[in-house]
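Indexing begins at 1, ligand by ligand and atom by atom, following the structure's order. Side-chain atoms are counted along with the backbone in the values below, which use heavy atoms only and exclude waters and symmetry mates. None of the values given here were measured: they were computed from a predicted structure.
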Amino acid sequence: MHKLLRKKILDLGDLPTHIAIIMDGNGRWAKSRNMPRVAGHVEGVNSVREIVRVCGEIGISHLTLYTFSSENWNRPKKEVLAIMTLLLGTIKKEIKNLHKNNVRLSTIGNLDDLPKNSKQGMLDGVEMTKDNTGLNLILALSYGSRQELLRAFQRIADKILLGEMKQNQISEESFSRELYTVNIPDPDLLIRTGGEHRISNFLLWQSAYTEFYLSDIYWPDFREKQLLESIVDYQSRQRRFGRTDDQVSA
Ligand code: FPP
């Protein structure tokens, strides 16, 4: 346990309510060790376990993990199958422990794209933990932000056509309610590991005012220390939401 960093975070205060993570670099982590890419995903699960535990312990309310994007289906079949198997196996193995630790599991994305057993495993986990009041662990699965936005436009258009909504009722609030992230606050901190500097179709609407933290560390090496450092960095920032420094400091 990184006691000093944890104490620093508590002293600085103002924790991010919602942390979102683009877990990148599993393949390169494996390649750098002459291992197959899948070995990187397997080790990545150990990072997931540690980051979930630490977020729960320090009192983060929401943690969203970009687990599988809409575009990841284009990877070689073998890798896709390996990730799906790993995902289902991990959820089945960990769900009791998550439940015991008061973690609520939820998902965003198009679960219908998942193999039947993976989808069912997820739904069972969501159902089992739905009344928990601790960390909300949100797995983005077959998630793409453009697809999510199109789905929201479609849902609004349907409501207008059916007379359930008027055109002048389209607002940021009513639009947000049609996204997968309904009832989830926008992320305060978005971490991307693996050295790339892009958003990759993740939470485009929701990250309008999110603070970004880019780390060169590959996901399997991103553990408690790196997470706590990213939070300390976040705590040093001044969030202005379009206002001036003087306005915010006043
Ligand atoms: C990105 O690294 C990682 C993925 C697309 C898969 C992430 C999935 C896991 C870690 C399993 C998650 C399990 C649970 C329970 C949440 P990459 O393959 O794009 O790495 P590269 O950029 O080095 O190729």
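- At the top of the distance list for atom 5 (C) of ligand 1, counting protein heavy atoms only, stands Asn72 OD1, 3.6 Å.
- Under 4.0 angstrom from ligand 1, there are no non-hydrogen atoms of Glu71.
- Rounded to the nearest 0.5 angstrom, Ile108 CD1 and Ser142 OG are separated by 11.0 Å.
- In this comparison of Ile51, Leu87, Thr67, the heavy atom closest to atom 8 (C) of ligand 1 sits on Thr67.
- With a 4.5 Å cut-off on side-chain heavy atoms, Ile170 and Ile160 count as touching.
- If you check the side chains of Asp158 and Gln154, you find no donor sitting under 3.5 Å from an acceptor.
- The shortest contact between atom 1 (C) of ligand 1 and any protein heavy atom is with Met23 O, 3.0 Å.
- No hydrogens or angles considered: nothing links the side chains of Glu71 and Asn74 as a donor-acceptor pair under 3.5 Å.
- Heavy atoms of Gly25 approach ligand 1 to within less than 4.0 angstrom.
- Nearest to atom 19 (O) of ligand 1 among the protein's heavy atoms is Arg75 NH2, 2.7 Å.
- Shortest contact from atom 4 (C) of ligand 1 to any protein heavy atom: His41 CE1, 3.8 Å.
- For a threshold of 3.5 Å applied to N or O pairs, the pair formed by Trp29 and ligand 1 contains no separation below that value.
- Between the Asn101 side chain and the Asn97 main chain, a donor and an acceptor come within less than 3.5 Å of each other.
- Asp188 contributes a side-chain N or O that, together with a main-chain N or O of Thr17, makes up a donor-acceptor pair within less than 3.5 Å.
- The single protein non-hydrogen atom nearest to atom 22 (O) of ligand 1 is Asp24 OD1, 2.9 Å, given as residue, atom name and distance.
- Remark: minimum distance from atom 15 (C) of ligand 1 to any protein heavy atom is reached at Thr90 CG2, 3.6 Å.
- Shortest non-hydrogen contact noted between Phe202 and Ala20 is CE2-CB, 3.9 Å.
- Just one residue in the list Arg6, Arg49, Lys3 forms a salt bridge (Lys or Arg N to Asp or Glu O under 4.0 Å) with Glu224, and that residue is Arg6.
- The shortest separation from a heavy atom of Lys31 to ligand 1 is not under 4.0 Å, leaving the residue out of contact.
- Heavy-atom separations between Glu94 and ligand 1 are all 4.0 Å or longer.
- Residue-to-ligand polar distances keep Val45 apart from ligand 1: every N/O pair is separated by 3.5 Å or more.
- Here the heavy atom of the protein found nearest to atom 9 (C) of ligand 1 is Asn26 ND2, 4.2 Å.
- Gln247 and Thr244 get closest at one heavy-atom pair: OE1-N, 2.8 Å.
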